[in-house]
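Reviewing the structure listed below.
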Amino acid sequence: MDDIERALADDAIAPSSGFGIGVMDAVRRAAAEPPPIPFPWGRLVAGLCACGALAWAGTILAVQAGPNLLPAETLSYLAGATPGLGYAALAMLLSLAAARLPRFFASSDEW
Amino acid sequence: MGKEDQDAADAARVVAGDLDAFEGIVRRWQGRLVNLAWRFSRDRAIAEDMAQEAFVRAFRALHTFRGEAAFSTWLTAVALNSYRSRLRTGGPPLVGLDPTRVSAREHGALHGLEGRERDEAVRRAVLTLPARYREPMVLFYLHEMDLAETAGVLGIAEGTLKARLHRGRALLKRRCAALGLTGAAGEEA
């Protein structure tokens, strides 16, 4: 056994005298609480199915309508706004990277 | 009746609605859970609070205990999950005993500590390791569980556990050396 193992061994405390009573009080309180409301999985699945169906229907409509789906004025407006949207997307990506990098370095193994 | 049999019987009684049966489980396991929390927190009051929370969580989850693993393994895994949640918000404790003197990243900050103080600083240094090394080190070395039980609690293979223990020890030695705990650090394996 080396120094590290010796330092890590033989280290224990005894619970306080009232610890067990405190735990049982907390357990009785927990038992008296009403059961948690279950997560509405049925509604979630129904909502997801509805979203999927709408997306599918929208795609089919868009494919069928082709370039006639949007009026020419709207298309030209979107084309004009594209550089601005590009800058906004770039700013969002940079912000995300700035938020992620410190966490990445902080979770690294080494100092 | 063995301890495992008593635990299984008490668990069945609690699930059937006999709340008082949980008292036997608390009596038999309070020392172990408080000490496990103590080894992660190094603070008695926080450790007892964490252990109480773990018992309540175990009580709520008792219906999921099927007896496939030993009760001790199941309970320790529940407690470890509870401690993880708690420690995630609190962050690691200070490495040294005197917060005015010690910064964990200051080179040689703990130079000159002797005996019990140095041992305590080494135990606290374990808590600064990344979770994938800290938890195996705490369970195996501080909590003195065997390899099979530690692997069972962590839900990893024994080979993976051995690798993490080896890597954790090497990392701990480096950190101890950086902190000036030279007697405890020695040469890296």
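Basis for what follows: all heavy atoms, side chains included, without hydrogens, waters or symmetry-related copies. All chains are named by letter (A, B, ...) in the order of the sequence lines, taking the proteins before the strands, and each is independently numbered beginning at 1.
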>> Given heavy-atom pairs under 4.5 angstrom as the criterion, report whether the side chain, backbone, both or neither of Val126(B) touches chain A.
In response: side chain
>> Is there a salt bridge (Lys or Arg N to Asp or Glu O under 4.0 Å) between Glu48(B) and Arg44(B)? Walk through the geometry before answering.
In response: CA-CA 6 Å; Glu48(B) 292 197 348; Arg44(B) 172 185 280 276; 3.5 Å; yes
Do any side-chain atoms of residues 27-56 of chain A form donor-acceptor pairs under 3.5 angstrom with protein atoms, and if so which ones, sequence neighbours left out?
{"from": "Arg28(A)", "atom 1": "NH2", "to": "Asp20(B)", "atom 2": "OD1", "distance (Å)": "2.9"}
{"from": "Glu33(A)", "atom 1": "OE1", "to": "Arg60(B)", "atom 2": "NH2", "distance (Å)": "2.8"}

> In terms of heavy-atom proximity below 4.5 Å to chain A, should Ala51(B) be classed as side chain, backbone, both, or neither?
Replying inline: both
>> Is Phe59(B) in contact with chain A via its backbone, its side chain, both, or neither, using a 4.5 Å heavy-atom distance?
In response: side chain
>> Do Trp29(B) and Asp7(B) pair up side chain to side chain, a donor and an acceptor below 3.5 Å, judged on atom types alone?
In response: yes
>> A quick test of your reading: do over 12 heavy atoms of other residues, nucleotides or ligands sit less than 6.0 Å from CD1 of Ile21(A)?
In response: no
